Every structure is written in structure tokens, then in C-alpha cells.
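Encoded as C-alpha cells, the structure appears first; notes follow it.
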Amino acid sequence: QVQLVESGGGLVQAGGSLRLSCVASGIILSQNAMGWYRQAPGEQRELVARITSLGTTHYADSVKGRFTISRDNAKNTAYLQMNSLKPEDTAVYYCAAGRSSVYINTLTAYWGQGTQVTVSS
């Protein structure tokens, strides 16, 4: 079965950094679009970053220049490097794998369990 396991979340002060990891099993990450989403309490889930099977990346305007999505095909692992963190970045972060090489359909994608990121002032 497909499984995505996130790690790396935690508590950090504003301006600090965290690196999230998403280890996949049951699928080959290099063949799928990968994305990181986040959801704050009472808020809708939003796309943070996406990377296609060819390595093209896209970012939400709110994180552009601060976050970097990457993938290590040999380790079947995706990453989200988060720098210059702000309190508004506080959320549960989820790793998602689309069933397309380019797009992520959130209704059919595979999801990790989520990891909490909390940024203090």
C-alpha cells in the first residue's frame, strides 16, 4: 500500500528554519507530482509548494523566496526547506503525491499524516 510519512515539524522562533521530510513507500516519487500543503485551525487547506516529475517547482506567493521544495529520487523522499519562518506559517503540513506527473488532484492524491509546525513570535 502507498504510505507517505512526514517528519521534521516542531516549534521554532520567528526567523528560524525547519526542514520537513516525506518518505514514500508503495509509489515512485520521481514519477509523480509532489506537493506540500498546510492547514491552520479553522482555515482551508492551501498549497504551499509543488514539484513535477521533471523538477519544475511552484510556490504560493506567501512562501516564495523563503521555502524550497526538492526531491531525492534515490531515497524516494521529498523535502520542504523552510527559512525565515513567520508566525503565520503555523499549521499542520501535509505531503501529497499526485497520480499525474504534473498535477495534483487533492481528491485522489495520496496524503501523509501531517506534521505540526509552530512558529512563535
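Note that the structure is a prediction, hence the values are computed from the model and not measured.
- Between the side chain of Glu6 and the backbone N or O of Gln113 there is at least one donor-acceptor pair closer than 3.5 Å.
- The CE atom of Met34 sits 12.0 Å away from the OG1 atom of Thr52 when rounded to the nearest 0.5 Å.
- Minimum interatomic distance between Cys95 and Leu4 (heavy atoms only, all atoms of both residues): O-CD1, 3.8 Å.
- Of all heavy-atom pairs spanning Pro87 and Ala14, the tightest one is CD-CB, 4.1 Å.
- A donor-acceptor pair under 3.5 Å is absent between the side-chain atoms of Gln81 and the main chain of Arg19, judged by distance alone.
- Arg38 contributes atom CZ, which lies 4.5 Å from atom CD of Glu46 (distance to the nearest 0.5 angstrom).
- Met82 and Trp36 fall within the same hydrophobic cluster, where Ile, Leu, Val, Met, Phe, Trp and Tyr residues are linked whenever their side-chain heavy atoms come under 4.5 Å apart, directly or through other members.
- Taken together through direct or relayed side-chain contacts under 4.5 Å among Ile, Leu, Val, Met, Phe, Trp and Tyr, Val12 and Val48 form part of one hydrophobic cluster.
- Atoms CD and OG1, from Glu43 and Thr90 in turn, are 12.0 Å apart once rounded to the nearest 0.5 Å.
- Although no hydrogens or angles enter the test, the distance criterion places a donor-acceptor pair under 3.5 Å between the side chain of Arg50 and the main chain of Val102.
- In the displayed structure, Glu88 atom CD is contacted under 6.0 Å by more than 12 heavy atoms of other residues, nucleotides or ligands.
- Residues forming a ring-ring contact (aromatic ring centres under 6.0 Å, His included) with Tyr94 (at least two apart in sequence, or on another chain): none.
- At least one side-chain heavy atom of Tyr110 sits less than 4.5 Å from a side-chain heavy atom of Arg99.
- Checked by atom type and distance alone, the side chain of Asp72 never pairs as donor or acceptor with a backbone atom of Thr77 at under 3.5 Å.
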Problem - Full working for salt bridge (charged side-chain N to carboxylate O under 4.0 Å, His left out) between Lys86 and Asp89 - result: CA-CA 5 Å; Lys86 305 174 181 179; Asp89 294 319; over 6 Å; no

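- Pairing each heavy atom of Ser17 with each of Asn83, the nearest pair is OG-OD1, 2.9 Å.
- Trp111 and Ile104 fall within the same hydrophobic cluster, where Ile, Leu, Val, Met, Phe, Trp and Tyr residues are linked whenever their side-chain heavy atoms come under 4.5 Å apart, directly or through other members.
- With rounding to the nearest 0.5 Å, the separation of SG in Cys22 from CZ in Arg71 is 11.5 Å.
- Hydrophobic cluster membership differs between Ile69 and Val23, with clusters built from Ile, Leu, Val, Met, Phe, Trp and Tyr side chains linked at under 4.5 angstrom.
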inquiry  = side-chain contact (heavy atoms from CB on, under 4.5 Å) for Ser53 and Gln31? Distances and angles first, verdict last.
reply    = CA-CA 5 Å; Ser53 63; Gln31 299 177 354; 5.7 Å; no

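- A donor-acceptor pair is defined here as one N or O able to donate and one able to accept, closer than 3.5 Å; no such pair exists between the side chain of Asn32 and the backbone of Ala96.
- Between Ala91 and Ala40 the shortest heavy-atom distance is CB-N, 3.8 Å.
- Among pairs with a residue in residues 50-86, none fulfils ring pair (Phe, Tyr, Trp, His ring centres under 6.0 Å), at least two apart in sequence or across chains.
- Note that CD1 of Ile51 and CG of Leu29 are 9.5 Å apart. Values are rounded to the nearest 0.5 Å.
- Scanning all heavy atoms of the two residues, the minimum distance from Gly8 to Leu18 falls at O-CD2, 3.8 Å.
- Considering OG1 of Thr106 and CG of Leu47, their distance stands at 10.0 Å, rounded to 0.5 Å.
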